[in-house]
Amino acid sequence: MIKACIFDLDGVIVDTARYHFIAWKALAEELGFEFTEKDNERLKGVSRMRSLDILLEIGGIEMEQEKKEELATRKNEHYRSFITQMKPDEILPGATEFIKELKQHSIKIALGSASKNAMTILDRLQLTDWFDAIIDGTKVSQAKPDPEVFLKGAEELEIAPENCVVFEDAEAGVEAALAGNMKCVGIGSPQVLGQANLVISGLHEMNFEKLANL
Ligand code: B16
Ligand code: MG
């Protein structure tokens, strides 16, 4: 029986991948190499420092930790210049409606995101108050596919993992949900997220009835 839903943020509730892309691309250009949209796919759901490592690997560049931290901070400042201007109309189709439907059925709601900017984004989208628990990149030590972020969400909601469903757009996130003994709805392509219990193209395709049938 499903008692709680745990949502990933980027790629599920909002599409911030394009802002990440612009900021990482600018950094790559500064370092003298090209960074494509296809490369950007590899960064979805991945932490900021791991994303930088992947970017540097693409550019064939090695550097010291201190310099890496400086670059990651600079990228984040550029990224924040976009997200601090976000508006509620950037919420992906169906997300608000589905969250409201869950609330009507007394289903608890948590956020489980790798992003350290999650609070800023939720505030800008005016979604913060809908969440009973918010676990973001500032509260976890292990990145997805480790289930820590989702298990912490379930714990804060005081709901057993087997009564939780995770909504995720990244393969590592689907793995994390299943490793945490939770059900998972993948948002995106069945080729990539095939391990999930159900794959849909967006929350506009989701409703309470489908949740009950997972
Ligand atoms: P930040 P999610 C993830 O969010 C993004 O998908 C990923 O591209 C990003 O690198 C990561 O957050 C860290 O974000 O730099 O804001 O801390 O999909 O787990 O909600
Ligand atoms: Mg995501």
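These numbers come from the heavy atoms of this one structure, side chains and all, not from hydrogens, waters or symmetry mates. Read the numbers this way: they start at 1 and go in the same order the structure lists the ligands and their atoms.
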Atoms of ligand 1, numbered as shown, that sit under 4.0 Å from any heavy atom of [X]:
X	answer
K116	1 (P), 16 (O), 17 (O)
S113	2 (P), 4 (O), 19 (O), 20 (O)
K144	19 (O)

Query raised in the report: Is K25 salt-bridged to E29, cutoff N-O under 4.0 Å?
Result: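 Answer for the salt bridge query: yes.
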
Query raised in the report: Between E70 and K67, is there a salt bridge with N-O shorter than 4.0 Å?
Result: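 Here K67 pairs with E70 in a salt bridge, since their nearest N and O are under 4.0 Å apart.
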
Do [X] and ligand 1 have an N or O pair less than 3.5 Å apart?
X	result
N117	yes
G112	no
Y79	no
D169	no

Query raised in the report: Which pairs with one or both residues in residues 204-214 pass side chain to side chain donor-acceptor pair (under 3.5 Å), sequence neighbours excluded?
Result: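 Passing the test, one end in residues 204-214: S201-E205.
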
For the residue pair [Y] / [X], report whether a side-chain donor-acceptor contact shorter than 3.5 Å exists.
X	Y	value
S115	D136	no
T73	N76	no
K44	H20	no
T120	R80	yes

Requested in this report: Return the orientation label for the F167 and F98 ring planes: parallel under 30°, perpendicular over 60°, tilted otherwise.
Outcome: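 Ring orientation, 0 to 90° scale: perpendicular.
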
Query raised in the report: So with a 6.0 Å cut-off around CD of E158, is the heavy-atom count from everything else above 12?
Result: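 No, because the 6.0 Å sphere around CD of E158 holds 12 heavy atoms or fewer from other groups.
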
Query raised in the report: Linking I/L/V/M/F/W/Y whenever any side-chain heavy atoms sit under 4.5 Å apart, do V12 and Y19 land together?
Result: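 Linked, V12 and Y19 end up in one cluster.
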
Requested in this report: Following the transitive rule for hydrophobic clusters with a side-chain heavy-atom cut-off under 4.5 Å over Ile, Leu, Val, Met, Phe, Trp and Tyr, establish whether M206 and F131 coincide in one cluster.
Outcome: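 Looking at the clustering, F131 is in the same group as M206.
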
Query raised in the report: Checking E168 side chain against A170 main chain: does a donor-acceptor pair fall under 3.5 Å?
Result: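 Present.
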
Report task. For the Mg ion (ligand 2), check which protein N, O or S atoms are under 2.8 Å away and list them. Result ->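 Sorted hits: D8 OD2, D10 O, D169 OD1.
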
Report task. May I ask which of S47, A170, A114 has a heavy atom nearer to atom 19 (O) of ligand 1 than the others do? Result ->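 The option holding the nearest heavy atom is A114.
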
**Report entry** Candidate with minimal heavy-atom separation from atom 2 (P) of ligand 1, of D8, L9, T138
**Finding:**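 Looking at heavy atoms only, the winner is D8.
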
Query - ligand 1 contact by S51, heavy-atom criterion under 4.0 angstrom - result: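 Right, S51 reaches ligand 1.
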
Query raised in the report: Is there a heavy atom of G45 sitting under 4.0 angstrom from any atom of ligand 1?
Result: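 Per 4.0 Å heavy-atom rule, G45 contacts ligand 1.
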
Requested in this report: Of the side chain and backbone of V46, name the one, both, or neither that has a heavy atom under 4.0 Å from an atom of ligand 1.
Outcome: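 For V46, the contact with ligand 1 is made by the backbone alone.
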
